Protein chains: 2
Amino acid sequence: MPNKDGAGPRWMHGKFKCCGYRMTKPREAILDVLGNTQEHLSAEDIYLAVHKFYPNIGLTTVYRNLEMLVNMGMVVKFDFGEGRSKYELSDNYSGKGHHHHLVCKKCYKVIDYSDFMKDEVKFLKNTEDGLSKKYEFNITDHLIQFFGICKKCSTK
Amino acid sequence: MPNKDGAGPRWMHGKFKCCGYRMTKPREAILDVLGNTQEHLSAEDIYLAVHKFYPNIGLTTVYRNLEMLVNMGMVVKFDFGEGRSKYELSDNYSGKGHHHHLVCKKCYKVIDYSDFMKDEVKFLKNTEDGLSKKYEFNITDHLIQFFGICKKCSTK
DNA sequence: AATGTTAATGACAACCATTATCATTAAATA
DNA sequence: TATTTAATGATAATGGTTGTCATTAACATT
Ligand SMILES: [Mn+2]
Ligand SMILES: [Mn+2]
Ligand SMILES: [Zn+2]
Ligand SMILES: [Zn+2]
């Protein structure tokens, strides 16, 4: 899974440089893992995936990098009620584009959907504008999740 | 804060009885606390509030009751990214009615809003219907939160 | 009112995801 | 290559939450 040339995803090297950050092997490996999955991974998931190729990278380093990447806006951290956080590349870096989530309360399967983004975006824009004014809040983010029971979980 | 007659909120006594549950003093006290605040309380907040009147009720009991009340649908558990869960009476029992949340990412102040519920409800209904069909999900809940910086936090 | 059944409690230990510490390593730059 | 210091890895610590288990107390029955 690591890029053979050891160069890693080049598209973000500049991002790090200009902030005084360095492009390290662990950081690269973590971004590789996140860039090569469609799933939402826990810190441990990422640690295990990275571990196969770089067995000496520690879990602490994974946590540290995730925190940093979240602060940089390259990664988004989610809580789906599972007891541990899940991470995915943010919209701009993932190819998935802006989407929201459908979460099964039994098996914690997560579906990315962007089916109703037209309406949602319009609706959210309206709501944000209204709330910002009324409550003097500078709104930067939103979290939209639907919870329920997936097909598999409902048939047993 | 405890009801003087020792009877507690009567409106839910039946709820417990019919499920084989019992109305205990700790349970009553916890519901009293939740019923007498407009805020979103952590387990420890509730424990401390209850502690003033019943110093021998333990934190474990608070957790156990909250879990039970959440399962019964009388209480809702939220994660605002603060590292601990917050609880409030659910729509049917709180008098607040259905509402969503505006959360300050710095001080974790939470505002309940229901200003745009007309539009939101319509929009959510649509989305839920569409998602349910397309992804064969039995949707039961949604979580809508806006994040940002509150006025106080932005002026310092 | 006294009894029996068992849900619920309280004290405490254990769990487990996440953070803090700190000596060591290795990017980046010259 | 030498210098600087961001980043790492091993480990301990933190803190919210859950598990254990002997004891208590709701509540239905007598
Ligand atoms: Mn996603
Ligand atoms: Mn609320
Ligand atoms: Zn499921
Ligand atoms: Zn604030």
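Numbers restart at 1 for each chain; the letters A, B, ... are given by sequence-line order, proteins then strands. Atoms considered below: every heavy atom in the structure, side chains included; atoms not considered: hydrogens, waters and symmetry mates. Every value quoted in this text rests on a predicted model; they were computed, and no experiment measured them.
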Classify the nucleic acid contact of [X] as base, sugar-phosphate or nothing, counting any heavy atom under 4.0 Å across all strands shown.
X      : answer
S42(B) : nothing
T61(A) : base
R64(A) : base

Which residue pairs pass the ring-ring contact (aromatic ring centres under 6.0 Å, His included) test with at least one member in residues 133-152 of chain A, sequence neighbours excluded?
->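 Residue pairs passing ring-ring contact (aromatic ring centres under 6.0 Å, His included), neighbours aside: H98(A)-H142(A), H100(A)-H142(A).
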Given atom [atom1] of [X] and atom [atom2] of [N], what is their separation to the nearest angstrom?
X      : N       : atom1 : atom2 : value
R22(A) : dA26(C) : CZ    : P     : 12 Å
Y87(A) : dA17(C) : OH    : P     : 12 Å
I57(A) : dT11(D) : CD1   : C1'   : 18 Å
N65(B) : dT17(D) : CG    : P     : 15 Å
M23(B) : dT9(C)  : CE    : P     : 10 Å
Y21(B) : dT6(C)  : OH    : C1'   : 14 Å
K25(A) : dA7(D)  : NZ    : C1'   : 14 Å
Y54(A) : dA26(C) : OH    : C1'   : 15 Å

Determine to 10° how strongly the helix from dA1(C)-dT30(D) to dA30(C)-dT1(D) is bent, judged from the axes of its five-pair ends.
->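 Answer rounded to 10°: the end axes differ by 40°.
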Any [X] side-chain nitrogen or oxygen under 4.0 Å from OP1 or OP2 of [N]:
X      : N       : value
Y63(B) : dT18(D) : no
N56(B) : dT24(D) : no
R27(A) : dA7(D)  : yes

Run the salt-bridge test on D45(B) and K86(B) with the 4.0 Å N-O cut-off and return the result as yes or no.
->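 Judged by the 4.0 Å cut-off on N to carboxylate O distance, D45(B) and K86(B) do not form a salt bridge.
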Over 12 foreign heavy atoms within 6.0 Å of NZ, K122(B) =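 Not more than 12 within 6.0 Å, no.
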Evaluate the side chain to side chain contact (heavy atoms under 4.5 Å, CB included) criterion for residues M74(A) and M68(A): first the C-alpha distance (whole Å), next the side-chain angles of each, then the deciding distance (0.1 Å), finally the verdict.
-> CA-CA 9 Å; M74(A) 299 180 62; M68(A) 190 259 241; over 6 Å; no
Residue closer to the 5' end of DNA chain D, K77(B) versus T24(B) (nearest nucleotide) =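 Taking each residue's closest nucleotide, the earlier one in sequence belongs to K77(B).
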Among dT9(C), dA10(D), dT5(D), which is the nearest nucleotide to the side chain of T60(A)?
->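 The closest nucleotide is dA10(D).
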ring-ring contact (aromatic ring centres under 6.0 Å, His included) assessment of H40(B) paired with F80(B) | CA-CA 10 Å; H40(B) 305 79; F80(B) 296 123; 5.7 Å; yes
Measure from NZ or CZ of R22(A) to the centre of the six-membered ring of F16(A), then state whether that distance is under 6.0 Å and the direction lies within 45° of the axis.
->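 The answer is no; the distance or angle limit is not met.
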Considering all heavy atoms, the nearest I144(A)-E120(A) contact |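 Closest heavy-atom pair between I144(A) and E120(A): CG2-OE1, 4.2 Å.
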